[in-house]
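First the structure, in the form of structure tokens, and then the observations on it.
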There are 2 protein chains.
Amino acid sequence: MKNQNHANKKVTENVQKISEYDILKLDNQLCFSLYVCSKEIIRKYKPLLDPYGLTYTGYIILLALWEKDDITVKDLGRKLYLDSGTLTPMLKKLEALDFIKRTRGSKDERTVYIKLTKKGYEFKEEAKHIPEKMVCSLELDPKHGKEMLVSLHKMMDTFSSTELGE
Amino acid sequence: MKNQNHANKKVTENVQKISEYDILKLDNQLCFSLYVCSKEIIRKYKPLLDPYGLTYTGYIILLALWEKDDITVKDLGRKLYLDSGTLTPMLKKLEALDFIKRTRGSKDERTVYIKLTKKGYEFKEEAKHIPEKMVCSLELDPKHGKEMLVSLHKMMDTFSSTELGE
DNA sequence: TTAAATTAAATTGTAAACAATATAAATATT
DNA sequence: AATATTTATATTGTTTACAATTTAATTTAA
């Protein structure tokens, strides 16, 4: 008990005075660390994707298509949180690289369907090794990684319900 | 026991077959959710920062300066994970808005020191309300938020040690 | 059935970010 | 001291991303 008291006192001494401005400190800002981590991880992807002529954005488009092929630009945008202003040029590039094919819907001429080509489909086999390499280079504790995923997905749910709502 | 067996069987039926490709699913990719969350949160900052002529990047530069004023471009870049290609034009803009002042070091003419102006310093008072509003709009469980911060900072440490190392 | 409103994708213009390079100052080497 | 190397910032060119607008097709309302 005595000991505990003593310990507490020590802590109190060392503890920094909590200011009303603490909320403005970079280290306390979730968005800043999300922003830095995503940028830096995407930078780490670069050397792994470069050999295939892919950028991170091209890569996540393929990830989406491997889960569900033959999807409209709109649905792709909903899945990836990207709009046509970003997707249209990106998809043209992926088509030029022969990963995908874009075709106007016959029933509704406004929609454009995105389909994987043979090359695009088969690239999945090669791509399996990309996340493996990334996990290594991040030296991330898998348990914390999973917890983070859960929290981030909760957050993402609030985004889609407010803005891109259905 | 019998019951449990039965339950297990049911679960096994419902459970999706785990494939070697699961690692490629968007929902399992940490980077993708970091990327989406940071983008979407930054989007939420926009209406809060617009009235002051600030972008998110300008805002985090001010956050850094409120913690430590009179800092070189290099140190600012280290803190914010940004390079001079991004910072130089950004800092010129902040100077034009009279938030900061840029002055060449007298001892070492290569360095540029960034100092808050009166307006820049006083804006801190106003800015206090920005993160408060953000936290609300994110409806984030504070406990999960803190856990996430810890994990993200661990990750950030690995970035700086490898690339920008000192 | 025509006019108005909505929708999907494309386009245009702009800002952020980075890679690569340039410039100029400081430091190290010979 | 003169040259080479390193360092800090600036510049240039390119890509990603988004907001805002346009175009064309579809749906709704009159």
Side-chain angles (χ1 to χ4, degrees), chain A residues 31-32 35-47 49-50 53-61 71-78 80-97 102-114 159 163-166, chain B residues 31-32 35-47 49-50 53-61 71-78 80-97 102-114 159 163-166:
Chain A
C31 182
F32 176 65
Y35 161 78
V36 170
C37 285
S38 85
K39 273 196 320 170
E40 296 297 318
I41 301 179
I42 287 170
R43 189 209 302 281
K44 280 178 188 284
Y45 268 104
K46 199 167 182 294
L49 297 173
D50 264 351
L54 289 171
T55 60
Y56 183 71
T57 317
Y59 172 67
I60 61 174
I61 291 173
I71 187 179
T72 65
V73 172
K74 179 141 222 301
D75 284 341
L76 203 52
R78 209 193 319 274
L80 300 178
Y81 296 74
L82 293 171
D83 70 1
S84 69
T86 305
L87 283 175
T88 300
M90 218 64 205
L91 291 168
K92 283 180 179 169
K93 212 180 100 188
L94 285 177
E95 188 172 44
L97 287 168
R102 303 180 320 134
T103 31
R104 287 266 158 202
S106 53
K107 202 173 140 196
D108 183 339
E109 286 270 327
R110 290 170 306 177
T111 61
V112 168
Y113 285 86
I114 310 299
F159 300 145
E163 280 129 79
L164 315 157
E166 197 73 354
Chain B
C31 182
F32 175 66
Y35 162 80
V36 170
C37 286
S38 84
K39 274 195 320 169
E40 295 298 317
I41 300 178
I42 288 169
R43 190 209 302 281
K44 280 179 188 281
Y45 269 105
K46 200 166 181 296
L49 297 174
D50 264 350
L54 289 172
T55 61
Y56 183 72
T57 317
Y59 172 66
I60 60 173
I61 290 174
I71 188 180
T72 64
V73 172
K74 179 144 220 300
D75 284 341
L76 203 52
R78 210 195 318 275
L80 300 177
Y81 295 74
L82 293 171
D83 70 2
S84 71
T86 306
L87 283 175
T88 299
M90 220 62 205
L91 292 168
K92 283 180 179 169
K93 213 180 101 189
L94 285 178
E95 188 171 44
L97 287 168
R102 304 182 319 134
T103 32
R104 285 269 158 199
S106 55
K107 202 172 137 195
D108 184 338
E109 286 269 326
R110 290 169 306 177
T111 60
V112 169
Y113 285 86
I114 309 299
F159 300 146
E163 281 129 80
L164 316 156
E166 198 69 356

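Here is how names work: the chains are called A, B, and so on, in the same order as the sequence lines, proteins then strands, and each is numbered from 1. Worth saying up front: this structure is predicted, and the values here are computed from it rather than measured.
- Mapped onto DNA chain D by nearest heavy atom, A:Gly105 and B:Val73 fall at different nucleotides, with B:Val73 at the one closer to the 5' end.
- Taking the six-membered ring for Trp and the full ring otherwise, the centers of A:Tyr35 and B:Tyr81 sit at least 6.0 Å from each other.
- Applying the side chain to side chain contact (heavy atoms under 4.5 Å, CB included) rule to A:Glu109 yields no partners; only residues at least two apart in sequence or on another chain are considered.
- Distance check, rounded to the nearest 0.5 Å: CD1 of B:Ile71 to CD1 of B:Ile114 gives 9.0 Å.
- Taking the side chain to side chain contact (heavy atoms under 4.5 Å, CB included) definition, one finds that A:Ile41 meets it with A:Tyr45, A:Met134, A:Leu138, B:Cys31, B:Leu34, B:Met155, B:Phe159, sequence neighbours left out.
- Take A:Tyr113 and apply the side-chain hydrogen bond (donor to acceptor under 3.5 Å, both in side chains) test, not counting sequence neighbours, and it matches no residue.
- Under the Watson-Crick or G-U wobble criterion, with both distances below 3.5 Å, C:dA25 is paired with D:dT6.
- Straight-line distance from the CD atom of A:Glu95 to the P atom of C:dA9: 14 Å, rounded to whole Å.
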Quiz: residues 83-92 of chain B side-chain donor-acceptor pairs under 3.5 angstrom, not counting sequence neighbours:
unit_1  : atom_1 : unit_2  : atom_2 : d
B:Asp83 : OD1    : B:Gly85 : N      : 3.1
B:Asp83 : OD1    : B:Thr86 : N      : 3.1
B:Asp83 : OD1    : B:Thr86 : OG1    : 3.4
B:Thr88 : OG1    : B:Ser84 : O      : 3.0

Pick out the pairs of N or O atoms, protein on one side and nucleotides 15-19 of chain C on the other, that lie under 3.5 Å.
unit_1 : atom_1 : unit_2  : atom_2 : d
C:dA16 : OP1    : B:Thr55 : OG1    : 2.9
C:dA17 : OP1    : A:Tyr35 : OH     : 2.6
C:dA17 : OP2    : B:Thr57 : OG1    : 2.6
C:dC18 : OP1    : A:Lys39 : NZ     : 3.3
C:dA19 : OP1    : A:Arg43 : NH1    : 2.6

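- Note: CZ (B:Arg104) to C1' (C:dA24) measures 9 Å, nearest angstrom.
- A:Arg104 and A:Val112 get closest at one heavy-atom pair: CZ-CG2, 3.6 Å.
- Looking at every heavy atom in both residues, A:Leu82 comes nearest to B:Lys39 through CD2-NZ, 3.2 Å.
- Using a 4.0 Å heavy-atom criterion, one finds that B:Ser84 contacts the bases of the nucleic acid, with or without backbone contacts as well.
- For DNA chain D, the span of nucleotides reached by chain A at under 4.0 Å from its heavy atoms goes, 5' to 3', from D:dT16 to D:dT26.
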